[in-house]
S.K.: 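Pasting in a structure now, in structure tokens, and then I'll have a few things to ask.
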Number of protein chains: 2
Amino acid sequence: MVADGAMTGLATDVVVFTIRDQCLRVLLVRRSGEPFAGHWALPGGMVPADEALDDCASRMLGEKTGVRGVYLEQLYSFGEPGRDPRGRVVSVAYYALVPPERLARFADGDDQLAWMPTEALPELAFDHRHIVELAHRRLAAKLDYSNIALQFMGERFTLSELQSVYETILGEPLDKRNFRKRVRNLPCIEDTGEWFRAGKHRPARLFRVTRSDRVEIIK
Amino acid sequence: MVADGAMTGLATDVVVFTIRDQCLRVLLVRRSGEPFAGHWALPGGMVPADEALDDCASRMLGEKTGVRGVYLEQLYSFGEPGRDPRGRVVSVAYYALVPPERLARFADGDDQLAWMPTEALPELAFDHRHIVELAHRRLAAKLDYSNIALQFMGERFTLSELQSVYETILGEPLDKRNFRKRVRNLPCIEDTGEWFRAGKHRPARLFRVTRSDRVEIIK
DNA sequence: CGAAGTTAGTGTCTTTTCTACACTATGTCA
DNA sequence: TGACATAGTGTAGAAAAGACACTAACTTCG
């Protein structure tokens, strides 16, 4: 093995985003052990020696949410010597986007898990608050030049729903006609011809993502 | 300390860019020890247990180039279990931009160091070629929406020199008048009123970066 | 001393993109 | 059938981006 002094704990932490109730929410896990016992923290943990970083993040996401195959991207690595009181632990942070549809059990009934709104986070363990903020900024920036927001949509969705996702992440209202003009021209979105009826008003067209695509840079 | 299985080697590698002879160049170091003895590699090494990642990258940059205080940004972390034959080593990669002026000795006369053109790299150790390519893409992308290219400029520079930097990184020619229109309006650039005389042609205005600014997002 | 060579420097028009803005359509329910 | 709620649509002005060619200032050489 390699020089000592370079031995460290290696962890991944995952900022799992979803959207519910017009709120951008992050999955938090209540810590049982020290340090920060009882605090909320990001799902994560030590990386086994034989596992790739991406695989580890993906696995941790799956273990907490039951979800696989969603959008997952490396965010940043944090390695301040003092960030974990137990010793040197480098955390390679990821962020993931999960359509709310895919969260069957919504962590309700499990008081060790919670989907918390990003604008009202409790005190978090370690530097996790900082990690969440960075992930949120990255996500918001990507709305501008990629179609990443589609990763929050289910099988079929209306344009109003999609607009609401944008507005929720950006924290500001968008012009309806300009939004639709822009989004209707995306090659990766397609009118299904079906209608969505809800409430006492005009039904909305349902769209789908054409190829169950990954995120693309569009600008 | 933390759970075993999670103990790993932690390294940083730095992609140090400069521009010389209309070429985007990367600093390479010849490896002396196994594995990959004799191969060219990125400057880097194990991170001491008490040193922050940024500090370590900055220090390694300084040790190889003698340069301090230049632009340095975390790029990505690489942790494939097989990327280092000695065992699990996670490398947190950085990239740095150095104005050629600041490189007094240009690694000439040191056959263990070389500034190699990105478009003609030798075979590199580990996954370092991949790291260089990622850094180059990131740098090129940032030209579009930030003023990062100014990090390559010395105290004073002409607009033609600046345009050449853009063209070199992007690998394509730019329109002179459109380029100047865009860049003259940047608030962080200022006409010094001085002239640069070279060769048998009209002298060029010299500009400077107004506040010895860090990189800013401009779009 | 002027002609040739070399790089610096400049403006306009067209196309595209972005932004602001308000009304009609279609359903439900009382 | 009228009130209500959300879906859906187009245009005009402003700003940004892109294409494009000539003159200016210096040096050198004949």
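Chain naming here is simple, since letters A, B, ... match the order of the sequence lines and numbering starts at 1 in each.
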S.K.: Provide, to the nearest angstrom, the distance between the CG atom belonging to B/N178 and the C1' atom belonging to C/dT10.
M.R.: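 Distance check: B/N178 CG to C/dT10 C1' gives 12 Å.
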S.K.: Just to confirm, is there a sub-4.0 Å distance from OP1 or OP2 of D/dG8 to any side-chain nitrogen or oxygen of A/R202?
M.R.: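 The answer is no; no side-chain N or O of A/R202 sits under 4.0 Å from OP1 or OP2.
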S.K.: Has B/R138 got a side-chain atom pairing as donor or acceptor with B/L75's backbone, closer than 3.5 angstrom?
M.R.: yes
S.K.: How close or far is atom P of D/dT11 from atom CG of A/D175, stated in whole angstroms?
M.R.: 16 Å
S.K.: Between C/dG9 atom P and B/D191 atom CG, what is the distance in whole Å?
M.R.: 9 Å
S.K.: From the options A/D54, A/T12, A/D13, select the one residue that forms a side-chain hydrogen bond (donor to acceptor under 3.5 Å, both in side chains) with A/Y94.
M.R.: A/D54
S.K.: From the options D/dG8, C/dT10, D/dC26, select the nucleotide whose nearest atom is closest to the side chain of B/R184.
M.R.: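 Out of D/dG8, C/dT10, D/dC26, the nucleotide with an atom closest to B/R184's side chain is C/dT10.
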S.K.: Find which nucleotide of DNA chain C each of B/E161 and A/H201 is nearest to by heavy atoms, and output the residue with the more 5' nucleotide.
M.R.: B/E161
S.K.: Distance criterion of 3.5 Å, no angle test: do you see the side chain of B/K181 paired donor-to-acceptor with the base of C/dT12?
M.R.: yes
S.K.: OP1 or OP2 of D/dT6 sitting under 4.0 Å from any side-chain N/O of A/S160?
M.R.: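 False: A/S160 side-chain N/O out of range (4.0 Å or more) of D/dT6 OP1/OP2.
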S.K.: Under 4.0 Å from OP1 or OP2 of C/dA20: is there any side-chain N or O of A/R177 that close?
M.R.: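 Checking C/dA20 against A/R177, no side-chain N or O comes under 4.0 Å of OP1 or OP2.
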S.K.: Classify the nucleic acid contact of B/R197 as base, sugar-phosphate or nothing, counting any heavy atom under 4.0 Å across all strands shown.
M.R.: sugar-phosphate
S.K.: What is the distance from CZ of A/R205 to C1' of D/dG8, rounded to the nearest Å?
M.R.: 9 Å
S.K.: How long is the line joining CD of B/E167 and P of C/dT7, in whole Å?
M.R.: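 For the pair B/E167 CD and C/dT7 P, the rounded distance is 13 Å.
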S.K.: Take atom CZ of A/R182 and atom C1' of D/dT9, then tell me their distance rounded to the nearest Å.
M.R.: 19 Å
S.K.: Does B/R68 have more than 12 heavy atoms from other residues, nucleotides or ligands lying within 6.0 Å of its CZ?
M.R.: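 No - once you tally the heavy atoms of other residues, nucleotides and ligands closer than 6.0 Å, there are 12 at most.
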S.K.: Output the rounded distance in Å from CD (A/Q163) to C1' (D/dT6).
M.R.: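 Spelled out: CD on A/Q163 to C1' on D/dT6 is 12 Å.
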S.K.: Check whether more than 12 heavy atoms from other residues, nucleotides or ligands sit under 6.0 Å from atom CD of B/E119, and answer yes or no.
M.R.: yes
S.K.: Consider the side chain of B/K200, meaning its heavy atoms from C-beta on, and name the nucleotide among D/dG8, C/dG5, C/dA8 that approaches it most closely.
M.R.: C/dG5
S.K.: Quick one: A/L174 CG to C/dT19 P, roughly how many Å, whole number?
M.R.: 10 Å
S.K.: Answer yes or no: is there a side-chain heavy-atom contact under 4.5 Å between B/W115 and B/T65?
M.R.: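 Yes; the side chains approach each other to less than 4.5 Å.
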